[in-house]
**Q** 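Here it is, the structure, as structure tokens.
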Amino acid sequence: MTVVSNSYVETSSRALVLREAFESGRLVKVAGAHDGLSARLAMEAGFDAVWASGLEISAAQGLPDVSLLGMAEYLAGATAMQQAVSIPVVADCDTGFGGSLNAAYTMRRYEGAGVAGICIEDKIFPKRNSFLDAGQKLLETDEFGSKLEAAKKAQARSETLLIARTEAFICGMGVDEALRRCHQYVDAGADAVLVHSKSAEAGEVVSFMRQWQHRAPVVIVPTTYADFSVQEAQEAGISMVIYANQGMRASVKAVRDTWAVVLAEGSTASVEPHIATVKDIFSLSGIDHWLGDDK
């Protein structure tokens, strides 16, 4: 594997990659990550971009995704990802970490770190993860629109993406409410909308797309409707698919299984052929780039 230093990749060009994909109709496939290594694995696999996942960053610190961490911790995670890869990083910024002023500051700090885009959701702060059954409450659309306007006004580079995420389906509201909110969010300056659903089927997002009229690119996160393929997404007119947490979930299972074997057998002998080598870790961490001048 060849590690690309981000010093050779203009950060503004990464956002342009996403905008050009949206304009051309090419579906953008995005993988969730929580640090530089997981972001680099996503790039190595061939994903178009990295999602700096709020759930993953929280879980990596042994904490639930319920607004316990602040912007500093999430920004540090996104910055590490941005510096580790040469593909765009889109940051999950929850509610913008507060009110309109916080949303503006969020845009300024993340954009300053070189992140290609930020995503802000229309929940009330402090938020709870969308897959928790209780405590899901939304802001009024006018108030959230003001948040988006503040973030857009604070934006320094025209290429940077502002994605407005609606949790209307998460809160049991119908397609009409999701459409109403997203239309207003685009009017407020959102460059794209993320329509989130925890249904076991893709029916909610497909119904949304049939009535959306393609005013702006649409992003989905098919965590619960996992059989919805990228081909079906493209046929529906969706612009970006985010696999937001599967990488971490795969890692958790692999580590659990590995340690169970080690403890049961009293050595690592039987697991060694099935895990990454130390040399592979050196490669992933960019050893040749950092020590090249010393050879």
Side-chain angles (χ1 to χ4, degrees), residues 12 15-16 18-19 22-23 28 30 49 51-54 67 70-71 74-75 78 88-128 130 136-171 173 175-197 205 208-209 212-221 238-240 242 244:
S12 62
L16 282 173
L18 297 179
R19 287 186 175 273
F22 288 162
E23 291 172 6
V28 179
V30 186
W51 172 251
S53 165
S67 294
M71 188 190 72
Y74 289 114
L75 177 59
V89 174
V90 179
D92 176 6
C93 294
D94 287 349
T95 63
F97 308 109
S100 293
L101 291 178
N102 303 90
Y105 186 58
T106 296
M107 171 61 83
R108 186 170 297 177
R109 291 296 307 275
Y110 275 82
E111 194 177 41
V115 169
I118 67 170
C119 179
I120 301 176
E121 64 190 69
D122 56 3
K123 283 183 186 167
I124 291 173
F125 176 85
K127 57 145 272 186
R128 294 189 180 191
S130 303
Q136 308 294 349
K137 298 179 181 178
L138 301 189
L139 283 175
E140 294 298 324
T141 51
D142 288 344
E143 188 174 355
F144 187 66
S146 295
K147 220 185 243 196
L148 294 172
E149 289 170 358
K152 181 56 74 170
K153 186 176 180 180
Q155 187 174 320
R157 293 193 300 269
S158 60
E159 298 89 357
T160 306
L161 289 169
L162 174 61
I163 302 173
R165 167 173 162 174
T166 185
E167 299 282 287
F169 288 142
I170 299 296
C171 291
M173 301 173 183
V175 174
D176 289 344
E177 179 63 10
L179 286 164
R180 184 185 74 83
R181 283 177 172 269
C182 287
H183 280 300
Q184 190 160 337
Y185 299 163
V186 173
D187 291 340
D191 299 299
V193 294
L194 191 160
V195 183
H196 205 199
S197 171
V205 296
F208 177 94
M209 291 305 301
W212 174 235
Q213 302 173 348
H214 302 284
R215 286 197 62 205
V218 174
V219 183
I220 64 166
V221 185
I238 289 161
S239 298
M240 178 184 286
I242 301 174

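Quick note: residue numbers are just sequence positions, from 1.
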**Q** One thing to verify: whether Arg165 and Asp122 come together as a salt bridge, which I'm taking to mean a side-chain N less than 4.0 angstrom from a carboxylate O.
**A**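 Here Asp122 does not pair with Arg165 in a salt bridge, since their nearest N and O are not under 4.0 Å apart.
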**Q** Going through the distances and angles, do Val90 and Ile242 end up as a side chain to side chain contact (heavy atoms under 4.5 Å, CB included)?
**A** CA-CA 10 Å; Val90 179; Ile242 301 174; 5.7 Å; no
**Q** For the CG atom of Asn102 and the CD1 atom of Ile120, what is their distance to the nearest 0.5 Å?
**A**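 Answer rounded to 0.5 Å: 10.0 Å.
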**Q** Taking the six-membered ring for Trp, are the ring centroids of Phe144 and Tyr185 within less than 6.0 Å of each other?
**A** yes
**Q** Is a donor on one side and an acceptor on the other found under 3.5 Å between the side chain of Gln155 and the backbone of Arg108?
**A** no
**Q** Start with the C-alpha gap between Leu138 and Arg181, add the side-chain angles, then the distance that decides, and say whether side chain to side chain contact (heavy atoms under 4.5 Å, CB included) holds.
**A** CA-CA 11 Å; Leu138 301 189; Arg181 283 177 172 269; 3.7 Å; yes
**Q** Yes or no on side chain to side chain contact (heavy atoms under 4.5 Å, CB included) for Phe22 and Leu161, after CA distance, side-chain angles and deciding distance?
**A** CA-CA 11 Å; Phe22 288 162; Leu161 289 169; 3.9 Å; yes
**Q** For Phe169 and His196, work out which heavy atoms get closest and say how close.
**A** CB-O, 3.3 Å
**Q** Determine whether a donor-acceptor pair (N or O, by modelled atom type, separation under 3.5 Å) exists between the side chain of Asp92 and the backbone of Gly54.
**A**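 Such a contact is found between Asp92 side chain and Gly54 backbone.
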**Q** Nearest 0.5 angstrom please: Arg215 CZ to Gln213 CD, how far?
**A**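 Answer for the CZ-CD pair, Arg215 versus Gln213, is 8.5 Å.
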**Q** Could you tell me the separation between the CG atom of Leu16 and the OG atom of Ser158, rounded to the nearest 0.5 Å?
**A** 7.5 Å
**Q** Before accepting this row, confirm whether a basic side-chain N of the pair Asp142/Lys147 lies closer than 4.0 Å to the acidic partner's carboxylate O.
**A** no
**Q** If every non-hydrogen atom of Ala150 is compared with every non-hydrogen atom of Ala104, which pair is closest and at what distance?
**A**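 For Ala150 and Ala104, the tightest heavy-atom pair comes out as O-CB, 3.6 Å.
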**Q** Is Lys152 salt-bridged to Asp191, going by a charged N under 4.0 Å from an acidic O?
**A**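 Yes, Lys152 and Asp191 are salt-bridged.
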**Q** Could you tell me the separation between the CE atom of Met209 and the CG atom of Leu179, rounded to the nearest 0.5 Å?
**A** 10.0 Å
**Q** Report the distance from atom CD1 of Ile124 to atom CG of Leu139, rounding to the nearest 0.5 Å.
**A** 5.5 Å
**Q** Going by the rule side chain to side chain donor-acceptor pair (under 3.5 Å), which residues pair with Thr141 if we only count those two or more places apart in sequence or in a different chain?
**A** Arg180, Gln184
**Q** Taking all non-hydrogen atoms of both residues into account, name the closest pair between Ala103 and Ala151 and its distance.
**A**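 For Ala103 versus Ala151, the nearest heavy atoms are O-CB, 3.9 Å.
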**Q** What's the shortest heavy-atom distance between Ala49 and Leu18, and which atoms?
**A** CB-CD2, 4.3 Å
**Q** Has the side chain of Thr166 got a donor or acceptor atom that lies under 3.5 Å from a matching backbone atom of Cys182?
**A**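 Here the side-chain-to-backbone pair does not exist.
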**Q** Treating Thr106 as the side-chain partner and Gly96 as the backbone partner, does any N or O pair qualify as donor plus acceptor under 3.5 Å?
**A** yes
**Q** Would you call Lys123 and Asp94 a salt bridge, taking side-chain N to carboxylate O under 4.0 Å as the test?
**A**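 No, this pair does not count.
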**Q** Would you mind checking if Arg19 and Glu23 are paired as a salt bridge, meaning a charged N to carboxylate O distance below 4.0 Å?
**A**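 Salt bridge: no.
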**Q** Can you check whether Glu167's main-chain N or O pairs, donor with acceptor, with Glu121's side chain at less than 3.5 Å?
**A**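 No; judged by distance alone, with no hydrogens or angles, the pair does not exist.
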**Q** Could you grab the distance from atom CZ of Phe125 to atom NZ of Lys137, nearest 0.5 Å is fine?
**A**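 If I round to the nearest 0.5 Å, the distance is 14.5 Å.
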**Q** Looking at every heavy atom in both Gly189 and Leu162, which two are closest together, and how far apart are they?
**A**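 What the structure gives for the nearest pair is O-CD2, 4.3 Å.
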**Q** Return yes when atom OH of Tyr105 has more than 12 non-hydrogen atoms of other residues, nucleotides or ligands closer than 6.0 Å, and no otherwise.
**A** no
**Q** How about Phe97 and Ser67: do any of their side-chain heavy atoms sit closer than 4.5 Å?
**A**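 The answer is no; the side chains never approach within 4.5 Å.
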**Q** Of all the heavy-atom pairs spanning Ala192 and Ala216, show the shortest one and how long it is.
**A** CA-CB, 4.3 Å
**Q** Which residues pass the ring pair (Phe, Tyr, Trp, His ring centres under 6.0 Å) test with Tyr110, sequence neighbours left out?
**A**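 Checked Tyr110 against ring pair (Phe, Tyr, Trp, His ring centres under 6.0 Å); zero matches.
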**Q** Check step by step if side chain to side chain contact (heavy atoms under 4.5 Å, CB included) holds for Leu194 and Val221.
**A** CA-CA 8 Å; Leu194 191 160; Val221 185; 4.0 Å; yes
